[in-house]
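Written out below as structure tokens is the structure these notes cover.
Below, chain A is the first sequence line, B the second, and so on; all start at residue 1. Predicted model, so just to flag it, every value in this text is computed and none were measured.
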2 protein chains.
Amino acid sequence: MSRRSAKTTSKAQPFGVPFLLSQVGAHVAGCFAERIAPLGLRPYHAGILGVLSHNAGITQQALSDLLGMFPSRLVGLLDDLGKANLIERRASPSDRRTYALHLTKGGRDALAKIGKLATQMQEDICAALSEKERAALADMLNRIVDQQKITPGVHPGYRRMDGACGEEESRPAKR
Amino acid sequence: MSRRSAKTTSKAQPFGVPFLLSQVGAHVAGCFAERIAPLGLRPYHAGILGVLSHNAGITQQALSDLLGMFPSRLVGLLDDLGKANLIERRASPSDRRTYALHLTKGGRDALAKIGKLATQMQEDICAALSEKERAALADMLNRIVDQQKITPGVHPGYRRMDGACGEEESRPAKR
DNA sequence: TATTGTTATACTCTATAACTATA
DNA sequence: TATAGTTATAGAGTATAACAATA
């Protein structure tokens, strides 16, 4: 194609799919972080709101399990969301040690805003692709998610990097 | 273990391309980190080796510019690579303040190992895709890289998050 | 005076451990 | 005794500032 001006950049190199995925993924994540910053939120917060919308009433323990993060790390994030009145910790009648996590009205509103923002981002990020290609890209990525046994809708960024990668089939419930 | 049985994951949801890209990208990055760990390297190190292979003799200042990171942050990474005898800082005859960065034989060997490892990873990550699809995916990602003005071969992970995202056309050379 | 590379410092983030209150 | 949630502590990682040598 068109060669770029001299600059320090390298010439057209055959970068592999893994590098491209990681590169574009990091770029997208950075863009997303920038765009939700005005809402007073960080990507971690947004991800939790999303998970809560599909898992109403989940406990903190179960949520930290699902996200693959330490419970102690979750506390601060939930505190943030609580202070912003986006979630509430409802006391559980059966077991008074646990809280049931729920989105508030404000939380659902925030999530809707994030959704619009994500739609806009898709438009920007995929500007170089046709409608058909975007669908094909989404389909391929979904199949990778499935084949790699990534939990749908859960971002690996929460995960503590122990043994999250492929290699073996064993997934010994991590305890 | 009553709570783990319910499989708290959400049902099939329409996750957008940006989320999928970020999700898969983070997964791939984690896998890559795991796989190069036995070489005593982290992704940052590998990325620098790759950049140096196409920019032999670059100065630290120019490299930190290219990567978008603070020079002081670069020092430690180059120290690591130097201690492992993968790069060398050659004294510059014209300007004795600067060093010219070069890969050593060991550095080129390490880079070759990383390349094989990346090829293997591509096989694993793309297991769900046909050859044709892999090519289509790479092509689409390359076009996104181009359209989003991401520097080819440079991972955004180095970048300090100031204003790296799209929005405007202005790119005021960031001094 | 400005610039390159380096060191020093402060701040953020996260993992681990200790604690409480329930069970 | 074990578990849910929290708090405390410590370690890693990074941004900023200050510095010495050279231009």
Side-chain angles (χ1 to χ4, degrees), chain A residues 8 26 29-30 33 37 42-45 47-48 57-83 87-102 155-164 173-175, chain B residues 1-4 8 26 29-30 33 37 42-45 47-48 57-83 87-102 155-164 173-175:
Chain A
T8 354
R42 308 202 11 204
Y44 289 128
H45 299 126
I48 290 176
I58 193 175
T59 66
Q60 295 188 197
Q61 192 70 29
L63 180 57
S64 63
D65 258 22
L66 178 61
L67 298 177
M69 77 194 304
F70 286 103
S72 59
R73 192 179 156 202
L74 185 57
V75 171
L77 295 172
L78 293 177
D79 285 349
D80 297 339
L81 293 170
K83 260 175 252 170
I87 66 157
E88 57 178 346
R89 293 187 240 225
R90 291 191 199 152
S92 218
S94 57
D95 186 338
R96 277 188 311 203
R97 290 173 304 181
T98 69
Y99 292 111
L101 299 172
H102 289 271
H155 198 285
Y158 294 102
R159 187 149 253 110
R160 49 199 194 279
M161 293 303 174
D162 30 20
K174 147 75 54 39
R175 78 177 356 260
Chain B
M1 322 326 183
S2 44
R3 72 196 70 73
R4 235 176 285 264
T8 358
R42 309 202 8 203
Y44 289 130
H45 300 126
I48 289 176
I58 193 175
T59 66
Q60 295 188 197
Q61 193 69 30
L63 180 57
S64 64
D65 258 23
L66 178 61
L67 298 177
M69 76 194 306
F70 286 104
S72 59
R73 192 179 155 200
L74 184 58
V75 171
L77 294 173
L78 293 177
D79 285 348
D80 297 339
L81 293 170
K83 261 175 251 169
I87 66 159
E88 55 178 349
R89 293 186 239 227
R90 293 193 198 151
S92 216
S94 58
D95 186 339
R96 278 188 309 202
R97 289 173 305 180
T98 69
Y99 291 111
L101 300 173
H102 288 271
H155 199 286
Y158 295 102
R159 187 150 252 112
R160 48 201 195 279
M161 293 303 174
D162 30 17
K174 156 63 56 36
R175 54 179 318 278

Students often get this wrong, so: under 4.0 angstrom with heavy atoms, is S72(A) touching a base, only sugar-phosphate, or nothing? base

Within the structure shown, what part of the strands sits under 4.0 Å from Y158(A) by heavy-atom distance: base, sugar-phosphate, or nothing? nothing

Heavy-atom pair of closest approach, residues L66(B) and R159(B): O-NH2, 4.4 Å

Length of the line joining [X]:[atom1] and [N]:[atom2], which is rounded to integer Å:
X: R96(B); N: dA20(D); atom1: CZ; atom2: P; answer: 19 Å
X: D80(A); N: dT14(C); atom1: CG; atom2: P; answer: 11 Å
X: L74(A); N: dT14(C); atom1: CG; atom2: P; answer: 12 Å
X: R160(A); N: dA17(C); atom1: CZ; atom2: P; answer: 12 Å
X: R73(B); N: dC11(C); atom1: CZ; atom2: P; answer: 19 Å
X: L78(A); N: dT14(C); atom1: CG; atom2: P; answer: 14 Å
X: Q61(B); N: dA21(D); atom1: CD; atom2: P; answer: 19 Å
X: F70(B); N: dG5(C); atom1: CZ; atom2: P; answer: 16 Å

The single option from T59(A), D79(A), T98(A) that satisfies side-chain hydrogen bond (donor to acceptor under 3.5 Å, both in side chains) with R89(A) is D79(A)

Does the side chain of [X] get closer than 4.0 angstrom to OP1 or OP2 of [N] through an N or O atom?
X: R42(B); N: dG13(D); value: yes
X: Y44(B); N: dT14(D); value: yes
X: R89(B); N: dG5(C); value: no

For P71(A) and for D95(B), find the nucleotide of DNA chain D with the closest heavy atom, then tell me which residue's nucleotide is more 5'. P71(A)

Under a 3.5 Å distance rule, please check whether R42(B) uses its side chain to pair with a backbone N or O of A33(B) as donor and acceptor. no

Can you check whether Y44(A)'s main-chain N or O pairs, donor with acceptor, with Y158(A)'s side chain at less than 3.5 Å? yes

For DNA chain C, whose closest nucleotide is more 5', that of M69(A) or that of R97(A)? M69(A)

Atom NE2 of H45(B) and atom CG of D80(B): how far apart are they, to the nearest 0.5 Å? 3.5 Å

